[in-house]
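We number each residue from 1, following the sequence as shown. The basis for the numbers below is simple: all heavy atoms, side chains too, and nothing from hydrogens, waters or symmetry mates.
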Amino acid sequence: QFVYGSVSRISPEAPVPVLNESHRQQMPGGAGNTARNLAALGARTRLIGVSGDDEDGRVLEQLLQGTDGIDCHLIRCSGLATVRKTRFVAGVNQMLRVDHEPKIAIDPHTDRLLTTAIDEAAPGATAIVISDYAKGSVTGALISAALRAGLAQGAPVIVDPKGVDFARYGPVDLIKPNANELAAMTGLATQTDAEITAALQKAMSICGAKTMLVTRAAKGLSYLIRGGDVQHMQGEAREVFDVSGAGDTSLAALGIALSAGASMEEAARLAIAASGLAVTKSGTATISAAELLASEHAALLSIEQLADHVDRWRSAGQSVGFTNGCFDILHPGHLKLLEEAKARCGRLIVGLNSDASVRRLKGAGRPVHAELARARVLSALSAVDGVVLFEEDTPLELIKALQPDVLVKGGDYTRDTIVGASEVIAAGGDVHIVPLVEGFSTTSAIEKAAGHSRDQSGSD
């Protein structure tokens with residue numbers, strides 16, 4: 001669970017900040033978060049695990065059963081307490097984490113129930129994922145049951161390991177440690193590509209996995225298929241907001257890809273994209289298939305992604321500005337509008353007319369550049385923090401959804417004619433008009449180019 005709030009003073013009782021709680025969020029963690037990510041990516045997921053027979057266990061089961069795509073098989077064990085991790089967050093900063101985690105091993109009866117549940121759930125499975133958080137439920141019997149089921153179903157068995165004994169997982173298809181776990185297992189450094197290569201080769205000589213993939217945070221990942229060479233893949237630089245749960249997201253992406261018959265390279269690229277998106281969200285967040293597809297066109301943000309960014313920016317005390325347009329052929333007038341808009345806010349969002357919208361507004365032959373090309377150019381500008389496409393003729397619904405603190409438009413508008421101005425002002429925001437730069441417009445640029453072409457050809 002996450003406890004959110006703000007800090008404005010230090011306690012008079014001790015030199016610690018006082019968190020003024022605003023709200024709480026509860027979500028399944030551990031293997032539950034992996035299952036949530038699998039379901040969010042479109043997989044029908046059968047989740048098998050153990051919880052305590054306590055209030056936290058009941059809450060956990062309710063959360064999982066309420067998640068579309070998850071068929072939950074939680075075994076309630078009276079001798080266990082459900083693991084609960086509570087993070088206290090002020091603005092964007094995590095202040096404290098409190099773990100409720102009694103160390104009690106599961107009993108033989110519960111172990112048998114787990115293996116039976118695997119046998120019953122396995123028919124039809126296209127991948128078996130073991131998310132080991134070292135809480136006691138991933139026993140030798142469970143691993144053996146998963147390997148038998150994978151062999152019977154022709155399904156890859158994928159493990160996110162814990163501890164230093166990777167050999168205990170047997171001949172799994174893929175084992176996915178992070179760089180720190182690989183270092184602990186091998187006793188070798190894992191900072192550079194060369195060090196990772198040596199550590200992977202040593203680890204593969206010790207354990208029976210067919211492939212080992214090591215996640216390396218912002219450095220991307222590396223993998224080694226037995227009998228082959230180590231492959232390194234770079235990650236994409238992103239604004240990191242919260243790393244909790246990113247490993248679960250990459251595990252889910254690997255499971256999805258391999259279950260669909262993807263190559264190791266394709267699965268690895270999907271894992272990089274998914275975990276890269278996960279760290280831009282707060283809490284143990286999931287990534288949807290739509291967001292992964294959108295990441296292929298990273299210049300454009302979905303309205304859901306944009307809303308998440310706006311929430312984070314405002315939590316960090318930054319104001320949000322908005323402007324919009326076709327931006328068909330970028331010229332100095334556009335640059336002045338964007339630079340002045342950015343000067344009036346912490347973060348600037350640009351609403352971009354879709355191709356269909358531009359055609360309706362500007363006529364046949366427009367836009368000159370397609371929407372994705374226009375978005376990429378805008379996203380490359382330092383003044384722009386996000387670009388979102390809208391299909392309508394005006395961005396009114398987008399403005400209502402985002403509720404920007406500042407709305408900026410060019411000098412060919414007045415406050416009375418700016419779409420969304422009254423809504424922004426009513427919400428306490430500001431509207432600013434940037435004077436036009438004389439002699440520059442997309443229409444005149446197109447007409448000039450057309451005239452030059454006629455002169456060159458000698459005909460109309």
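- Screening residues 60-70 for salt bridge (charged side-chain N to carboxylate O under 4.0 Å, His left out), with sequence neighbours left out, gives E61-R76.
- A pairwise comparison of heavy atoms in S250 and T215 identifies OG-CG2, 4.2 Å as the closest pair.
- In this structure a side-chain-to-backbone donor-acceptor pair under 3.5 Å is present from T323 to V408.
- Under the 3.5 Å distance criterion, the side-chain polar atoms of D99 are left unmatched by any main-chain donor or acceptor of E101.
- One distance of note links CD1 of I118 with NE2 of H73; it measures 11.5 Å at 0.5 Å rounding.
- Scanning for salt bridge (charged side-chain N to carboxylate O under 4.0 Å, His left out) contacts around E339 gives an empty result, with sequence neighbours left out.
- Separation of atoms CD1 (I143) and CD1 (I128) is listed at 12.5 Å; rounding is to 0.5 Å.
- For T82 against G52, the heavy-atom pair with the smallest separation is OG1-N, 2.9 Å.
- The two residues D160 and K176 make their nearest non-hydrogen contact at OD1-O, 3.1 Å.
- Residues satisfying the salt bridge (charged side-chain N to carboxylate O under 4.0 Å, His left out) test with K400, not counting sequence neighbours, are E397.
- Going from atom CD of E181 over to atom CZ of F166 covers 6.0 Å, rounded to the nearest 0.5 Å.
- Panel note: side chain S144, backbone L142; no donor-acceptor pair is recorded below 3.5 Å.
- The closest side-chain heavy-atom distance from Q1 to K85 is not below 4.5 Å.
- Taking both residues in full, the closest heavy atoms of A90 and V7 are given as CB-CG2, 3.7 Å, listed atom of the first, atom of the second, then distance.
- Results of the side-chain hydrogen bond (donor to acceptor under 3.5 Å, both in side chains) test with D385 over H309, Q318, K342 single out K342 as the only residue that passes.
- Rounded to the nearest 0.5 angstrom, F322 CZ and C345 SG are separated by 11.5 Å.
- Side-chain atoms of Q153 come within 3.5 Å of backbone N or O of G124 as a donor-acceptor pair.
- For residues 15-46, every residue pair satisfying the ring pair (Phe, Tyr, Trp, His ring centres under 6.0 Å) rule, not counting sequence neighbours, is listed here: Y4-H23.
- One N or O on the side chain of E371 and one on the backbone of D355 form a donor-acceptor pair closer than 3.5 Å.
- For residues 75-105, no residue pair satisfies the ring pair (Phe, Tyr, Trp, His ring centres under 6.0 Å) rule, not counting sequence neighbours.
- Looking at residues two or more places apart in sequence or on another chain, you find no side-chain hydrogen bond (donor to acceptor under 3.5 Å, both in side chains) involving T115.
- Closest non-hydrogen pair, I399 versus V419, comes out as CD1-O, 3.4 Å.
- Side-chain N or O atoms of E195 include one that pairs as donor or acceptor with a backbone N or O of T192 at under 3.5 Å.
- Partners of S263 according to the side-chain hydrogen bond (donor to acceptor under 3.5 Å, both in side chains) rule, which considers only residues two or more places apart in sequence or in another chain, are E266.
- Using a distance-only test at 3.5 Å, with no hydrogens or angles considered, a donor-acceptor pair links the side chain of T190 to the main chain of A179.
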**OP:** Could you go through the side-chain hydrogen bond (donor to acceptor under 3.5 Å, both in side chains) check for D248 and Y133 one step at a time?
**Re:** CA-CA 11 Å; D248 300 325; Y133 271 79; 2.7 Å; yes
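- A heavy-atom distance below 4.5 Å is found between the side chains of V50 and L80.
- For R314, the salt bridge (charged side-chain N to carboxylate O under 4.0 Å, His left out) criterion is met by D405, not counting sequence neighbours.
- Between the CZ atom in R269 and the CE atom in M233 there is a gap of 4.0 Å [rounded to 0.5 Å].
- Using modelled atom types, one side-chain atom of T116 and one backbone atom of R112 make a donor-acceptor pair closer than 3.5 Å.
- Around atom CG of D229, no more than 12 heavy atoms belonging to other residues, nucleotides or ligands sit under 6.0 Å away.
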**OP:** Assess whether side-chain hydrogen bond (donor to acceptor under 3.5 Å, both in side chains) is satisfied between R216 and S222, documenting all intermediate values.
**Re:** CA-CA 8 Å; R216 304 172 61 189; S222 303; 3.0 Å; yes
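- Among residues two or more places apart in sequence or in another chain, the side-chain hydrogen bond (donor to acceptor under 3.5 Å, both in side chains) test is passed with N353 by S357.
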Indicate every side-chain donor-acceptor pair of residues 203-214 with a distance under 3.5 Å to a residue at least two apart or in another chain.
unit_1, atom_1, unit_2, atom_2, d
S205, OG, K202, O, 2.5
K210, NZ, D173, OD1, 3.3

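- Tested against L182 for a side-chain contact (heavy atoms from CB on, under 4.5 Å), the candidates N180, N178, T186 yield a single pass: T186.
- For R58, the salt bridge (charged side-chain N to carboxylate O under 4.0 Å, His left out) partners two or more places apart in sequence, or in a different chain, are D53, E55.
- The side-chain heavy atoms of L402 and L306, taken from C-beta on, include a pair separated by under 4.5 Å.
- Closest heavy-atom contact between L224 and G228: CD1-O, 3.3 Å.
- Under a 3.5 Å cut-off, the side chain of S259 and the backbone N or O of A127 do not form any donor-acceptor pair.
- Taking the side-chain hydrogen bond (donor to acceptor under 3.5 Å, both in side chains) definition, one finds that R44 meets it with nothing, sequence neighbours left out.
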